[in-house]
Amino acid sequence: MALVRTRFAPSPSGFLHLGNARTALFAFLYARKTNGRFILRIEDTDQERLVPGSEASIYEDLKWLNLNWDEGPDIGGPLGPYRCSERYDVYKVQLKRLQKATRVYRCFCTTEQLDQDRALLSSQKKLIKYVGRCLNISDAESEKRAATENFVWRMHIPPGDPVVVNDVIRGKVEMSRDVIGDFVLGRASGVPVFLFANAIDDAVQEMTHVIRGEDHLSNTFRQVLIYQALGHEPPVFVHLPMIGSEGGGKLSKREGSLSIGDLRKEGFIPAGILNYLALLGWSPGDTAQTGEKFSLKELSERFDLERVHKGRALFDYQKLRFLNQQHLNDLSLEELAKLAPPRKPGLEGIWKDAIALVRQDAATLEELYRIDAFLAAPDLKSSPSATTILKGENPKKALQEGLSLFEKAVAGNQPAEVALKESIQAAGKTVGIKGKDLFFPFRVALTGVEAGPELVPLAKILGSSEIISRLKNAIEFTASNT
Ligand code: GLU
């Protein structure tokens, strides 16, 4: 079998979002699985839709995801250039070849004319397609008018057998030539339309598999006609089902616009995102033994096109979080601390111990910063827990007793965490309370809330003078909280 060549061909018209990152991943995985080549091509012929900076951000996001390409605009390769705006000469040559091979004609119809045609066809409930007004203009006249009038190049599609696409996922799909009609290939300036440039590039860059979203299927029929006219064997087509929303229907604006950059900011890591995206429309087979957690390397070994689903893949944010958490669990504290460094000054020395207290509940890197709330002294006045828990005589007495024992213990060089544990217990005995009645006042005094990381390891991080200061504050608070 020929060397597999797949490509990801984004238009730099925005950021890499979930949908096209999944397309990139599937094309990448298939190339890696087959020891083929994965190519990046930037489709920037539609100058009006270009968004400055998006090409650079696509590179950055793909690299961050570890979806490295073997040929591309930045690294070159044997069949470049890989940026479409640098390939106009290629399209011109191929347009000439196409003109020799089949009927390609100039169409001088104005936008207004075409709009009127469309409106008329629609009112007559007829198929909307080009009416063929310019099809029979003689070559000589066409040549003459081209000197003064604007035009586009159209490819003529005479009646014939339906056009067949053998799609790996959907099987054999057909479209009647009559429905397709004479379509546009390029403008007078030589700038090709997307579907022409895209087909030419896939042909001359020797792509064996075109893996892309299902929304391109209607282009594919036209592209097959271009391949046939040029005598090129069409690539294998793999149209991935769209990603739908959990609630049914299309992805909501929020979900659909979820870019890789957004996910990165929310604290998702590449391994989690890639694992999730792989399962969004592909099934790894029997996961009874393995579970669903896979690294990029494992995915590259397991991936196949046969197990890509036909149906719409449903976006499931909770599953994304779940898988991300599983991949976070693989990281050491050193790695976590590097990926999520402290944001406030002075925490470097304790940061690893600090995030250790919250890591088991964190599904994202961002959630590690929950610890910040506990490292800072609580504002008891605005804490509902403080208002309810730090009320009455017993909590006050326990805190006073606890504080005085704690101060003595640390003055005798006992480590803060040992001193706190023992002082709380002893204070409980003196005041005659235990369980929640005893622990909640201390917990709320030190953190402002009833739930949170374990107190003893937190005490170790906070150190004795911080604990003393928080206990004093809480005792003061009890005086005003009557
Ligand atoms: N540039 C096209 C897009 O961003 C990709 C088309 C393709 O993969 O064939 O949708």
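Remember, it's 1-based here, ligands and their atoms both numbered in the order they're listed. Not measured: the values here are computed from a predicted model.
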Worksheet item: Near Ser11, which atoms of ligand 1 are under 4.0 Å from a heavy atom of that residue?
Response: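 Listed by number with element: 1 (N), 2 (C), 3 (C), 4 (O).
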
Worksheet entry | Stacked cation flag Arg22 on Phe26, 6.0 angstrom / 45 deg |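 Judged by the rule (NZ or CZ under 6.0 Å from the ring centre, within 45° of its axis), Arg22 counts as positioned above Phe26.
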
Worksheet item: Which protein heavy atom lies closest to atom 10 (O) of ligand 1, and at what distance to 0.1 Å?
Response: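 Among all protein heavy atoms, the one nearest atom 10 (O) of ligand 1 is His216 NE2, 2.9 Å.
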
Fill in: Contact check: Ala9 vs ligand 1, nitrogen or oxygen atoms, below 3.5 angstrom
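Looking only at distances, the answer is yes, because the N/O contact criterion of under 3.5 Å is met.
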
Worksheet entry | Any donor-acceptor N or O pair under 3.5 Å, side chains Arg212, Asn198 |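 Yes, Asn198 and Arg212 have a side-chain donor paired with an acceptor closer than 3.5 Å.
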
Item to complete: Could you tell me whether Asp361 and Arg370 make a salt bridge, using a distance below 4.0 angstrom between a side-chain N and a carboxylate O?
Response: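 No, this pair does not count.
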
Discussion item. Working note: Lys100 + Arg97, criterion side chain to side chain contact (heavy atoms under 4.5 Å, CB included); need CA distance, chi angles, decisive distance, verdict.
Written reply: CA-CA 5 Å; Lys100 283 199 186 120; Arg97 282 193 57 219; 5.8 Å; no

Practice prompt. Say whether Asn198 and ligand 1 are in contact under the criterion: heavy-atom distance to a ligand atom below 4.0 Å.
Written response: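 It does; at least one heavy atom falls under 4.0 Å.
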
Discussion item. On a heavy-atom basis, I'd like to know which of Arg41, Glu43, Met207, Arg7 is closest to atom 7 (C) of ligand 1.
Written reply: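 Heavy atom nearest to atom 7 (C) of ligand 1 belongs to Arg7.
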
Worksheet entry | Full working for ring pair (Phe, Tyr, Trp, His ring centres under 6.0 Å) between Phe194 and His216 | CA-CA 11 Å; Phe194 159 73; His216 284 290; 5.5 Å; yes

Worksheet entry | Phe8, portion touching ligand 1 at heavy-atom distance under 4.0 Å |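 The answer is neither; Phe8 stays 4.0 Å or more away.
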
